[in-house]
Amino acid sequence: MSPLSSIKLGRVDAIARAVLTVETGGVGFFEITHEVARFLERIGARDGVLLLFLRHTSASLVIEENADPDVRVDLVTALDRIAPANAGWVHDTEGPDDMPAHIKSMINGVTLHVPVADGKLGLGIWQGIYVAEHREAPHRREVMLQFLGSCAQE
Amino acid sequence: MSPLSSIKLGRVDAIARAVLTVETGGVGFFEITHEVARFLERIGARDGVLLLFLRHTSASLVIEENADPDVRVDLVTALDRIAPANAGWVHDTEGPDDMPAHIKSMINGVTLHVPVADGKLGLGIWQGIYVAEHREAPHRREVMLQFLGSCAQE
Amino acid sequence: MSPLSSIKLGRVDAIARAVLTVETGGVGFFEITHEVARFLERIGARDGVLLLFLRHTSASLVIEENADPDVRVDLVTALDRIAPANAGWVHDTEGPDDMPAHIKSMINGVTLHVPVADGKLGLGIWQGIYVAEHREAPHRREVMLQFLGSCAQE
């Protein structure tokens, strides 16, 4: 049996973009799956790909489990162990949580994409899209959303 | 001398997608480069980009060295040091390897892209595409493949 | 108030690619933002997305703070702590800095994308695009640049 499913072909002719503003409440994971799906609905997306880009260097974009909230607690712990505060960083002018936030942003990254089929995000059943805030204080974060593919209304 | 090569222009008009199913044998790296190349052949891909998306939160997608297999042994060791089992994680209902798997999935990520030129993957000579399995038990993993660009047969 | 901005629609019809060669001077971060912007100018890019792909397994692509250079010093330190040399790696035939370089490449990744609006990179004000070199010796690194979207001259 081939490991490859049947192939679906389509056209690419449209691109749409918008900026999603996310108000974080300090360190933690803030789910944006619903807002991203709403963007796809508003543009009448059919088949294509959704690209996400976070315009910041002390937060990150993550696709992770959306079931047990304890998972996000442990993800925060894991990142703190990888990049602890007060660990002899040279860059400390913006507070002890700033340089660790840059490290976490580098490791997780600020770009993602998600397939779109028939207007729906092709996420696995346990996957959600999150902005991971790495600063202690609440921040206003901007995520650039872009869809490339075909749309129903044009 | 300019660091930028000559520029190649083309058109984008097609999108194709398929699901690649990967049976992992437990913790380790499972190469999918050949299967991905076969997808490009089947759709007659010419110039464009291949996008990969893994629909799971306890495995990841990685582009790594495909020469010395010892490299993948050390990559597994490195991930275990970053996210050890039995390290006081709150989320432990699915076994001691579950929460470390989520952390490794976050750090490596679940999305990749590879340039495609004349139907061939634009990988470097030492690069292979892998599904990294982070659970101890074998799993069936789904990778969504998407090609955006131009195809020979349309 | 909706967290979603007004939506901008466009067409996708062009793809352009070039190879950017980056001469690194050994371990550290080498900014390529200017060269990438120049690529967009040369092809007359308008709206779309820029994709970057690094064809190597011992370096990585990173979007990080471009203000205080101390940040990059600390990022190097952080990566050394995550993947130290002489830490019992099995793969050691290419020198003590080789296996740590593969680990850093896996964690940071070798693929990125950046939105493009009106021909300009949609980076945040503190963001720069870097090739992170993880080997001690200088290397010549190749970055595949691809633009998908609309161009002024066609």
Side-chain angles (χ1 to χ4, degrees), chain A residues 1-13 15 29 46-52 60-79 81-82 104 106-109 111-117 121-130 132 148-150, chain B residues 11-23 32 35-36 38-39 42-43 48-49 51-58 82-84 87-94 98-113 140-149 151 153-154:
Chain A
M1 200 192 77
S2 167
L4 207 58
S5 75
S6 64
I7 289 168
K8 178 137 174 28
L9 293 165
R11 66 195 159 85
V12 176
D13 41 25
I15 185 170
F29 285 72
R46 288 199 304 203
D47 291 341
V49 60
L50 180 90
L51 300 163
L52 301 100
S60 56
L61 288 175
V62 174
I63 292 177
E64 262 294 346
E65 203 198 79
N66 61 3
D68 181 359
D70 283 347
V71 168
R72 270 99 69 196
V73 172
D74 285 336
L75 292 176
V76 168
T77 302
L79 289 167
R81 290 176 180 176
I82 293 169
K104 296 166 186 176
M106 172 180 68
I107 289 169
N108 283 352
T111 73
L112 286 180
H113 80 260
V114 183
V116 177
L121 288 165
L123 294 166
I125 44 172
W126 305 112
Q127 288 181 315
I129 311 171
Y130 295 87
L148 276 79
S150 56
Chain B
R11 67 196 158 85
V12 176
D13 42 25
I15 183 169
R17 73 167 191 266
V19 178
L20 176 65
T21 302
V22 181
E23 306 276 355
I32 59 172
E35 287 74 14
V36 171
R38 192 155 160 274
F39 166 69
R42 279 181 56 186
I43 61 171
V49 60
L51 301 163
L52 302 98
F53 181 85
L54 181 71
R55 296 161 59 94
H56 306 278
T57 62
S58 54
I82 292 168
W89 310 117
V90 181
H91 173 81
D92 64 358
T93 51
E94 296 170 70
D98 184 61
M99 191 58 224
H102 291 311
I103 297 164
K104 296 165 186 177
S105 178
M106 172 180 68
I107 289 169
N108 283 353
V110 295
T111 74
L112 286 180
H113 80 261
R140 177 172 295 178
R141 303 301 194 174
E142 288 185 357
V143 183
M144 180 73 84
L145 306 180
Q146 290 183 295
F147 172 77
L148 276 78
C151 294
Q153 62 246 41
E154 283 176 66

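Per chain, numbering begins at 1; letters A, B, ... match sequence-line order.
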B:Val110, part contacting chain A, at a heavy-atom distance under 4.5 Å = side chain
Does the pair B:Met99 and A:Leu75 meet the rule for a side chain to side chain contact (heavy atoms under 4.5 Å, CB included), with working shown?
-> CA-CA 8 Å; B:Met99 191 58 224; A:Leu75 292 176; 3.6 Å; yes
Top contributor to chain A interface from B:Leu112, B:Val22, B:Thr93 [non-hydrogen pairs under 4.5 Å] = B:Leu112
Residue A:Val116 versus chain B: region with a heavy atom under 4.5 Å | backbone
Chain B contact via A:Val71 - side chain, backbone, both or neither, heavy atoms under 4.5 Å = both
Closest heavy-atom pair and its distance - B:Ala16, A:Leu9 | CB-CD2, 3.4 Å
B:Glu35 CD to A:Leu4 CG distance, which is reported to the nearest 0.5 Å | 8.5 Å
So, the part of B:Leu52 with a heavy atom under 4.5 Å from chain A: the answer is backbone
Taking every heavy-atom pair that is under 4.5 Å apart, which of A:Val73, A:Thr77, A:Val114, A:Ile125 has the most such pairs with chain B?
-> A:Val114
Nearest 0.5 Å please: distance from the CG atom of B:Leu51 over to the CG atom of A:Leu51.
-> 7.5 Å
Report the C-alpha separation of A:Asp74 and B:His91 in whole Å, then their side-chain angles, then the decisive distance to 0.1 Å, and conclude whether the side chain to side chain donor-acceptor pair (under 3.5 Å) test is met.
-> CA-CA 7 Å; A:Asp74 285 336; B:His91 173 81; 5.8 Å; no
Taking the side chain as every heavy atom from C-beta outward, state whether B:Met106 and A:Phe29 have any atom pair closer than 4.5 Å.
-> yes
Given that the side chain runs from C-beta out, which part of B:Leu148 has a heavy atom under 4.5 Å from chain A: side chain, backbone, both or neither?
-> side chain
Find out whether B:Ile107 and A:Ile82 are in side-chain contact, i.e. whether some heavy atom of one side chain is under 4.5 Å from a heavy atom of the other.
-> yes
Please tell me if the side chains of B:Phe53 and A:Gln127 come closer than 4.5 Å, counting only heavy atoms from C-beta onward.
-> yes
Rounded distance (nearest 0.5 Å) linking atom CH2 of B:Trp89 with atom CG of A:Asp70 | 13.0 Å
Partners of B:His56 by ring pair (Phe, Tyr, Trp, His ring centres under 6.0 Å), sequence neighbours excluded?
-> none
Given that the side chain runs from C-beta out, which part of A:Ala132 has a heavy atom under 4.5 Å from chain B: side chain, backbone, both or neither?
-> neither
Among B:His102, B:Glu23, B:Arg38, which residue forms the greatest number of heavy-atom pairs with chain A at distances under 4.5 Å?
-> B:His102
Could you pull out the closest heavy-atom pair between B:Ile15 and A:Gly48, with the gap in Å?
-> CD1-CA, 3.5 Å
Those residues that, when tested against B:Arg141, pass salt bridge (Lys or Arg N to Asp or Glu O under 4.0 Å) (two or more places apart) = B:Glu133
Specify the closest pair of heavy atoms between A:Leu123 and B:Arg55, including all atoms of both residues, with the distance to one decimal.
-> O-NH2, 3.8 Å
Chain B shares the most heavy-atom pairs under 4.5 Å, among A:Gly124, A:Pro115, A:Ser60, A:Ser6, with A:Pro115
Can you say whether B:Met144 sits under 4.5 Å from chain A via the side chain, the backbone, both, or neither, judging by heavy atoms?
-> side chain
